[in-house]
Amino acid sequence: MSSRPRSPMARPMSFVWTRRIVLTLLGLFAALPVYVMLSTSLKPLQDVTDKFQWFPGSLTLRPYIDIWHTVPLAHYFMNSIVVSVAATGLSVLVAIFASYAVSRYHFRGKRIFTITVLSTQMFPGILFLLPLFLIFVNIGNVTGIALYGSRAGLIITYLTFSLPFSIWMLAGYMESIPRGLDEAALVDGCGPLGALFRVVIPAAVPGIVAVAVYAFMTAWSEVLFASVMTNNTTRTLAVGLRGYSTQYDVYWNQIMAASLVVSVPVVAGFLLLQRYLVTGLTAGAVK
Amino acid sequence: MTAPTSTTTPSRGGGTGDGPGPFPGSGRAGKKPRRTFGIGRGAVPYLLVLPALLLELLIHIVPMAVGIVMSFKELTQFYIRNWGQAPWRGFDNYRVAVNFHAPIGEALLRSFGITCAFTVLAVGFSWLFGIAAAILMQDSFRGRGLLRALFMTPYALPVYATVIIWAFMLQHDNGLVNHVLHDQLHLSSKPAFWLIGNNSFVSLVVVSIWRNWPFALLVLMAGMQNIPDEMYEASAIDGAGVWQQIRHITMPSLRPINQVLVLVLFLWTFNDFNVPYVLFGQSAPPAGDLISIHIYQASFLTWNFGSGSAMSVLLLLFLLVVTTTYLAVTSRTRRTSNV
């Protein structure tokens, strides 16, 4: 792992026991809901409507089959993938350009730009939800470009959600890349973009991966705008999972199975790439 | 405005329109003549930030401005189709929102107070758990990587999935929490309701901590990697024990990171919409009526968007004041401590 091995010093027993107890408690706290999700997803429906059982009386994989029929989960999955991948790709690209400018150039308005972009992180989503909705509808009426209810509208919305943090972190990361590298490329006749693509981007890969992970997670998890800005055909998982609770029955076992299925891509990606996230944060944002 | 012309005749608009293209590369290529000024290089940073700037304008800045305009209008469902024609109401929406003797203002104030209490508890514990785990995981020991992966899982899970799991655990009849507290430990005389009534506040806080403390851990772990080993080694030679090292090396070194971390956690928690919305559905119980869901309900259930916008603007002003004060105070203490 990326963290360096600290010289194994003899620790006093008080420290060792504190570590054992605190980490065990935190581990239980973190693991409990995950265990509930996993075990519930393997129970038949009658076992989850009654008293909670720590251990499934009978195991079944049935919920994992049923989830695809109860609601059009595959369809929502596809929507979420398209929206999240596109938003991530575009967000990373836009953030690379902007952070390259911020880290390598002195230009008038740079301070205002960074402050403005960062402060948008502070806006309550609820403040611009309705105006944005109205703007999208009006753009649709005026130009015929349907943003409201479309994936495109969701994509550009989500990409701006991760943009401020991405620019901030990537700019910090690029600061740590020696300027001599891209100045040499400029001297060799590369344009600024050549220097960016041939020198800076390859050197900034850990930071870029970290930003991409963050952007993807942001888009994959978003609920508020997804519930207002989508319709039946563009609905994402964040909204679609509600379909498992009807007014007669709540299919808890299927809800848990579906939650697990939709979580696997992000959790796997995050755990595989968290090394980069820590490196990216270390070199970039946290200084 | 005659709408369709701009899209149907691209050839006419093309001459002037393709300068600031969506990508800096394309824009720059078309601007060769500018070089005659000798400021070709000077335009580069602006072209690089242009896409980010345009997107931020479209999604954040302009809607915010529109939101502020809307807060001065009487924007009920009669005017939603053509909101430009909605009558101006001056500061009426604000007056209603801050009139704490009338029901609307009173409810808003209540919701604000609940949100403050919720934020203090959730941020406090998230930070506490994060710093404790980060410090205790500094040494390498067997299973550390695995434990770190486990700790990170709540943060990596999509927020709606985590909140749905908790909603299930907090169910009255078939939830785990009541099963443990009532059936197994016999701590309560009858099963409690966790998603309605006063307990819903506790539920909110717990779920929020569960979800956010790994982020604190992640940031603090990253921050600790920047503390040079030599500092620990030198202090160990001087005879400092591990607790003293934590107090005199780790904590002071983490100060700048803590300042940013707490601010970020504060803003996220205060604005949090996802947790209450997924946990309670459309109608939050009074004890769990966080400000963002309160405004959402005030806007979308009563269709009074002018009043909802006024509340949002007040919320933004509050966050702005808190943030600037916080930054001013922390940067001053940072300066004085550096002297």
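If you're wondering where the values come from, they're calculated on a predicted model, not measured in any experiment. The figures here come from the full heavy-atom set of this structure, side chains too, leaving out hydrogens, waters and symmetry mates.
- Interface remark: of the candidates L261(B), I61(B), N274(B), N274(B) forms the most heavy-atom pairs closer than 4.5 Å to chain A.
- Only the side chain of F270(A) has a heavy atom closer than 4.5 Å to any heavy atom of chain B.
- Of the two parts of I167(A), only the side chain, counted from C-beta on, holds a non-hydrogen atom closer than 4.5 Å to a non-hydrogen atom of chain B.
- In terms of heavy-atom pairs under 4.5 angstrom with chain A, the leader among V313(B), I246(B), L263(B), L157(B) is L157(B).
- With a 4.5 angstrom heavy-atom cutoff, S99(A) does not touch chain B via any of its atoms.
- Contact of F113(A) with chain B is made through the side chain alone, with heavy-atom distances under 4.5 Å.
- Using a 4.5 Å cut-off between heavy atoms, R108(A) touches chain B through backbone and side chain atoms alike.
- Heavy atoms of W210(B) lying under 4.5 Å from chain A belong to its backbone as well as its side chain.
- In terms of heavy atoms, A258(A) sits closest to L241(A) at CB-CD2, 3.7 Å.
- Looking at T18(A), the atoms closer than 4.5 Å to chain B (heavy atoms on both sides) sit in the backbone and in the side chain alike.
- Contacts between Y214(A) and chain B at a heavy-atom distance below 4.5 Å involve the side chain alone, from C-beta outward.
- Heavy atoms of L129(A) lying under 4.5 Å from chain B belong exclusively to its side chain.
- When L159(A), V22(A), T120(A) are compared by the number of non-hydrogen pairs under 4.5 Å with chain B, T120(A) comes out ahead.
- Within the 4.5 angstrom heavy-atom criterion, only side-chain atoms of W252(A), from C-beta onward, approach chain B.
- Note on ring orientation: taking the six-membered ring where Trp is involved, the planes of F128(A) and F225(A) are tilted (angle from 30° to 60°).
- The contact between L23(A) and chain B is made by backbone and side chain atoms together, counting heavy-atom distances below 4.5 Å.
- Counting non-hydrogen atoms of other residues, nucleotides and ligands closer than 6.0 Å to OH of Y276(A) gives a total of 12 or fewer.
- With a 4.5 angstrom heavy-atom cutoff, F129(B) touches chain A via backbone and side-chain atoms both.
- Between F161(A) and Y158(A), the angle of the ring planes lies from 30° to 60°, which puts this pair in the tilted group.
- Within 6.0 Å of the CH2 atom in W17(A), the count of heavy atoms belonging to other residues, nucleotides or ligands does not exceed 12.
- In this structure, L32(A) CG and I165(B) CD1 are separated by 10.5 Å, a value rounded to the nearest 0.5 Å.
- Between the side chains of D183(B) and H179(B), a donor-acceptor pair is found at a separation under 3.5 Å.
- With chain B as the partner, the residue from A238(A), G109(A), G269(A) showing the most heavy-atom pairs under 4.5 Å is A238(A).
- To the nearest 0.5 Å, the span separating CD on Q184(B) from CG on N178(B) amounts to 11.5 Å.
- Residue L25(A): no heavy atom, backbone or side chain, is found under 4.5 Å from chain B.
- Of the two parts of V180(B), only the side chain, counted from C-beta on, holds a non-hydrogen atom closer than 4.5 Å to a non-hydrogen atom of chain A.
- Ranking P12(A), S14(A), P164(A) against chain B, the residue ahead of the rest is S14(A), based on heavy-atom pairs under 4.5 Å.
- When the shell of 6.0 Å around CG of L146(B) is examined, it contains 12 or fewer heavy atoms from other residues, nucleotides or ligands.
- Contact annotation: the side chain of V322(B) approaches that of F266(B) to within less than 4.5 Å [non-hydrogen atoms, C-beta and beyond].
- Taking the six-membered ring where the residue is Trp, Y155(B) and F215(B) present tilted rings, their angle falling between 30° and 60°.
- Taking chain B as the reference chain and counting heavy-atom pairs below 4.5 Å, the highest number among L163(A), T160(A), L237(A), V266(A) is found for T160(A).
- For the residue pair Y232(B) and Q138(B), a side-chain donor N or O sits within less than 3.5 Å of a side-chain acceptor on the partner.
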